[in-house]
2 protein chains.
Amino acid sequence: MVTIDDVAKRAGLSKSTVSRVINDYPHVSIKKKEKVFEAMKELGYVPNSSARSLRNKKTQMIAVLVPRIMNPFFGQLAESMEIQAAKHGYQLLICQTMYSKETELKHLELLKMRQVDGMILTSIENEWDVVKEYLSYGPMILCNEFEEEATIPTVKFDQIHGGYVATKHLIRQGHKKIAYCTGGQKSNVGQHRRRGFNLALQEYHLSFDERYGFYDAFSIEDGIRIFKHIHQMPDPPTAVFTGSDEVAAGIITGAKEYGVSVPEALAVIGFDNQVITKLMDPKISTVEQPIPFLAKRAVEVMVDRISHKGNDQEVYEYPLELIIRESTVSPIRAVE
Amino acid sequence: MVTIDDVAKRAGLSKSTVSRVINDYPHVSIKKKEKVFEAMKELGYVPNSSARSLRNKKTQMIAVLVPRIMNPFFGQLAESMEIQAAKHGYQLLICQTMYSKETELKHLELLKMRQVDGMILTSIENEWDVVKEYLSYGPMILCNEFEEEATIPTVKFDQIHGGYVATKHLIRQGHKKIAYCTGGQKSNVGQHRRRGFNLALQEYHLSFDERYGFYDAFSIEDGIRIFKHIHQMPDPPTAVFTGSDEVAAGIITGAKEYGVSVPEALAVIGFDNQVITKLMDPKISTVEQPIPFLAKRAVEVMVDRISHKGNDQEVYEYPLELIIRESTVSPIRAVE
DNA sequence: CTGTTAGCGCTTTCAC
DNA sequence: GTGAAAGCGCTAACAG
């Protein structure tokens, strides 16, 4: 393995000078600089990253905790973040919690052992009280998921508004019996959406039938399961608010199978605006989350925090936008 | 920051002893061992990973190069690998090449700077001659993509067979004019599929009309574009072999839009068996690639190579399986 | 401008 | 069994 000493010897200089050239310091004569570059090229020298990390106490790596990469929302978030991080000279260590408290905890240790310079949480499995203990080991920020009492930078979507516009749209289509599907119940993202949902209901003086509440809905299979449940209810809802496009797709698939027409007999609205919304028949109405903006800002805030810039209280909120397609609007009774 | 020295002091022992305990060495008296554990717990000590890496010349990290995480095939591959790597005590550094030669090259440097102990390539953008130069810096293996002249461990699918069974299925349905869509032309994965395709054609004494060849087909949009092209051909194909479920979904979406019935007027077969195949109407016939097996084996081989086990010539090949759904089989003229 | 030197935190001979 | 000491490859005072 070729080290900085080899380069120094080859160039007939000291390793400090070589180091200065590598790190682009001023006060190095052009001549010697060139000599160093030459020696580096000849030897194919690349600085050893562990040695640098140890010395600098910086690894140039940021951990991103996501539930799973395969979840399209988190996949897109991770992908956007990676591109952004590279621009700032950081590697991204993508860590899947697989919805497990233990796995999340294990990943949090990365901060303790200084394997990463900072940590971006896009979801939280453990209680905030346990997560916050890790704050003393390095900068942590929240992106997407959030926590009311957390005093760390947060980059999020306006989920209340998202839940509100989606529900209002359903109501305006004439629906009064609206079902609600959500993923994890602990998630504040989910809770805010629910608040938006309730807000719209209140505004139109509608009440929520508890029988219409469905939880732990994440996947297509969950959507199919929920449809089946709805289908055999004595007094079923006429519309469904879902927490994800996948669940909406599942419900539509179930409906197709049972010959229930969407949106005429059952309107369905998704969340995320994934490609699948345009592939389904009917195309799925949904709420778009501008993921790349969120990712970009999160990385920027993280990079700033690593260099002790910015402050812990900053909160960035991005708006959500309703996208109306076919799964909520019957060509016959279109109102909006 | 609490270091091994702090622990040693607290426990009234030398840091060598503490190190021995951390690394689970024999020849440490039970008593002192306990003392060390106690001190570690009290101080909340976790070994610094950069220091360990520098000393051990091992980072316990493996880089995985994928084109993009959002591509469902590579996303699933990365997810499966991550889970497997964790079991062996390795972190996975997922690197996106974004189909760019330069970005790939940049990631290859990770091996040179010893930021990772090994590298798994799932795709190759640069010429093999330039990639192979990096072999001297650490173990590299191929997973999914492969290279005839490469002398490194390879874990792959039997793409020839995959192309063959899919095409044969189409022919058996009575098709003679079969179009062929593929992604990158340089990819050996694609070339082997093509060989399988040709094999089936030959077997049935059919010839391929060059007008029916489509390249750079990766996404849903590409599928739609290809359909439009086919649709306005004077003598269009009656079936399409695609290199991915997304392209198949795009073609079906295009067909729907133009009122062309699938599979009656145009049969379409996908590749991968992604969830989308079950969501589309008609459901997409496809070729399943058992990704988790591939991922598991790749990680195992990599871990072995890192500890100088196994040999460079090993090649593991996994079979591919045809899954027949609705996009190729008309309920009316079903033959198979 | 450039070189010498002292560590970063850890593991590993080598003595005892 | 245990400790002292050297050193992994690099950067950053500190001299000069």
Side-chain angles (χ1 to χ4, degrees), chain A residues 1-37 39-40 43-61 89 109-117 137-138, chain B residues 1-37 39-40 43-61 89 109-117 137-138:
Chain A
M1 175 180 215
V2 31
T3 74
I4 197 170
D5 277 304
D6 300 328
V7 178
K9 219 161 284 172
R10 178 89 170 211
L13 294 163
S14 77
K15 54 180 184 168
S16 344
T17 305
V18 177
S19 176
R20 286 188 190 102
V21 172
I22 293 168
N23 296 290
D24 204 25
Y25 269 49
H27 311 312
V28 180
S29 72
I30 285 280
K31 244 183 170 164
K32 313 220 158 173
K33 207 179 228 170
E34 274 168 3
K35 249 186 188 155
V36 171
F37 278 129
M40 291 206 305
L43 298 168
Y45 170 75
V46 175
N48 178 296
S49 79
S50 306
R52 281 190 131 175
S53 299
L54 177 59
R55 188 56 234 233
N56 295 334
K57 295 182 174 306
K58 286 276 175 297
T59 59
Q60 297 298 111
M61 296 218 299
E109 293 287 318
L110 289 171
L111 207 53
K112 232 189 210 173
M113 57 206 235
R114 311 280 153 159
Q115 185 161 139
V116 296
D117 295 337
Y137 301 110
Chain B
M1 177 180 211
V2 28
T3 73
I4 196 170
D5 277 303
D6 300 328
V7 178
K9 218 160 286 174
R10 178 89 167 210
L13 294 161
S14 76
K15 55 178 184 169
S16 338
T17 305
V18 177
S19 176
R20 287 188 188 104
V21 172
I22 293 167
N23 296 290
D24 204 25
Y25 269 48
H27 311 311
V28 180
S29 71
I30 285 280
K31 244 182 170 167
K32 312 219 160 172
K33 207 178 226 168
E34 274 168 4
K35 248 186 190 157
V36 171
F37 279 130
M40 292 206 306
L43 297 168
Y45 170 76
V46 175
N48 177 297
S49 79
S50 306
R52 281 191 130 172
S53 299
L54 177 59
R55 186 57 234 235
N56 295 334
K57 296 184 172 305
K58 286 274 174 299
T59 59
Q60 297 297 113
M61 296 217 299
E109 293 287 316
L110 289 171
L111 207 53
K112 232 188 210 176
M113 58 205 234
R114 311 279 153 160
Q115 187 162 140
V116 296
D117 296 338
Y137 302 110

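A note on names: the letters A, B, ... follow the listed sequences, proteins ahead of strands, and every chain is numbered from 1.
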J.: B:R114: what forms a side-chain hydrogen bond (donor to acceptor under 3.5 Å, both in side chains) with it, not counting sequence neighbours?
T.: none
J.: Rounded to whole angstroms, how far apart are NE2 on B:H27 and P on C:dT13?
T.: 13 Å
J.: Separation of B:K58 atom NZ from D:dC8 atom C1', in whole Å?
T.: 13 Å
J.: Which residue pairs pass the side chain to side chain donor-acceptor pair (under 3.5 Å) test with at least one member in residues 2-17 of chain A, sequence neighbours excluded?
T.: A:R10-A:E42, A:S14-A:S16, A:S14-A:T17
J.: Can you tell me how far C1' of D:dT2 sits from NZ of B:K35, to the nearest Å?
T.: 13 Å
J.: Look at A:T17 and C:dG3 and indicate whether a side-chain polar atom (N or O) is within less than 4.0 Å of OP1 or OP2.
T.: yes
J.: Check whether any side-chain heavy atom of B:Q60 sits under 4.5 Å from a side-chain heavy atom of B:R52, and report yes or no.
T.: no
J.: Please name all residues satisfying side-chain hydrogen bond (donor to acceptor under 3.5 Å, both in side chains) with B:T59, sequence neighbours left out, ordered by chain then number.
T.: B:D117
J.: I'd like to check the side-chain hydrogen bond (donor to acceptor under 3.5 Å, both in side chains) partners of B:R20; sequence neighbours left out, ordered by chain and number.
T.: none
J.: Rounded to whole angstroms, how far apart are CD1 on B:I30 and P on D:dT2?
T.: 11 Å
J.: What string of B, S and - do you get for nucleotides 10-16 of chain D, 5' to 3', if B is base contact, S is sugar-phosphate-only contact and - is no contact with any protein heavy atom under 4.0 Å?
T.: BBBBB--
J.: Measure the distance from NZ on B:K31 to P on D:dT2 and round it to the nearest whole Å.
T.: 11 Å
J.: Not counting sequence neighbours, which residues clear side-chain hydrogen bond (donor to acceptor under 3.5 Å, both in side chains) with A:N48? List them please.
T.: none
J.: Determine all donor-acceptor pairs shorter than 3.5 Å in which one atom belongs to a side chain in residues 28-35 of chain B; sequence neighbours excluded.
T.:
unit_1, atom_1, unit_2, atom_2, d
B:S29, OG, B:K32, N, 3.4

J.: Quick check on DNA chain D: between B:K32 and B:K57, whose nearest nucleotide comes earlier from the 5' end?
T.: B:K32
J.: To the nearest 10°, let me know how far the axis at one end of the helix from C:dC1-D:dG16 to C:dC16-D:dG1 is tilted from the axis at the other, five pairs an end.
T.: 40°
J.: Given A:I22 and A:I4, is the side chain to side chain contact (heavy atoms under 4.5 Å, CB included) satisfied, shown in steps?
T.: CA-CA 10 Å; A:I22 293 168; A:I4 197 170; 4.0 Å; yes
J.: Once you round it to whole Å, what is the distance between C1' of C:dA6 and CG of A:L54?
T.: 13 Å
J.: Taking only residues two or more places apart in sequence, or in another chain, which ones meet B:K112 in a salt bridge (Lys or Arg N to Asp or Glu O under 4.0 Å)?
T.: B:E109
J.: Respond yes when some side-chain nitrogen or oxygen of A:S29 is under 4.0 Å from OP1 or OP2 of C:dT2, and no when none is.
T.: yes
J.: Whole-Å distance between D:dG9 P and A:K9 NZ?
T.: 12 Å
